[in-house]
Amino acid sequence: MVAINYKNATVNLAEDVYEPAEDSFLLANAALSTATNGMKVLEIGTGSGFVSAVIQANKNIELIATEINPFAAKCARSNGVKVIKTDMFAGIKEKNEFDLIIFNPPYLPTSEDEKVPGWLNYAFDGGITGRDPIRPFLLNVRNYLKTEGTILLLVSSLTSIDDVKNEMSEFYFDSHIIARDKCSFEELVVIKGNLRKV
Ligand SMILES: C[S@@+](CC[C@H](N)C(=O)[O-])C[C@H]1O[C@@H](n2cnc3c(N)ncnc32)[C@H](O)[C@@H]1O
């Protein structure tokens, strides 16, 4: 079995599970800079558990994650991450309790004939615009976030970063980019969001 060692965490990978890539590393580093000891953290779509495992290995935090792909949920559990196998936030009982909520969504613009067979499609398929999973995330996330809490969202230039920021604004989040990485065919960014004060 392939394993990744990164910043005090060891993460074993498995078949039909997203293999951590530049996006995962960028989000893990941004989460490490944002998380402080004592925080309650929620990761949506944890995949192998890589990002959560890196945060847990370096911060004294309480963390729970969700994942729709049963193979990924099992893999993340084996990597020491507490996971609920569910769709997005379904099954998370703690309302308005999280200090930090993070999501590296499937963000690739994907047409019908570009879909990947099986569960792995959930790791890549962002719908025609690449933003399909972002809207339900933004619609629901404030129900789980503390008023002063923070969200971190990983997106790509392929997803249209400005459109994502506009959607965040529509859902009452002030946003700014806290990390960037230029890869071969795209630029990845981590957008930090905080609920606008009314
Ligand atoms: C791009 S991968 C990122 C995986 C991991 N967080 C990382 O950074 O390496 C997106 C993950 O979100 C999961 N996912 C997609 N839609 C989901 C949903 N509606 N609810 C929960 N998980 C979802 C996928 O199965 C996949 O594991």
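Numbering of ligands and ligand atoms starts at 1, following listing order.
Around ligand 1 you find Tyr18, Ser24, Glu43, Gly45, Thr46, Gly47, Val51, Glu67, Ile68, Asn69, Thr86, Asp87, Met88, Asn104, Pro105, Pro106, Tyr122, Ala123, each with a heavy-atom distance below 4.0 Å.
Using the six-membered ring where Trp is involved, Tyr6 and Phe25 have ring planes that are perpendicular, over 60° apart on the 30 and 60° scheme.
Rounding to the nearest 0.5 angstrom, the gap separating the OG1 atom in Thr36 from the CD1 atom in Ile61 is 10.0 Å.
Minimum heavy-atom separation, Lys165 to Ile191: CG-CD1, 3.9 Å. Minimum interatomic distance between Arg196 and Asp174 (heavy atoms only, all atoms of both residues): NE-OD1, 3.2 Å. Here the closest non-hydrogen pair linking Glu94 and Tyr144 is O-CD2, 3.4 Å.
Sorted pairs that involve residues 179-198 and meet ring-ring contact (aromatic ring centres under 6.0 Å, His included), not counting sequence neighbours, are lacking altogether.
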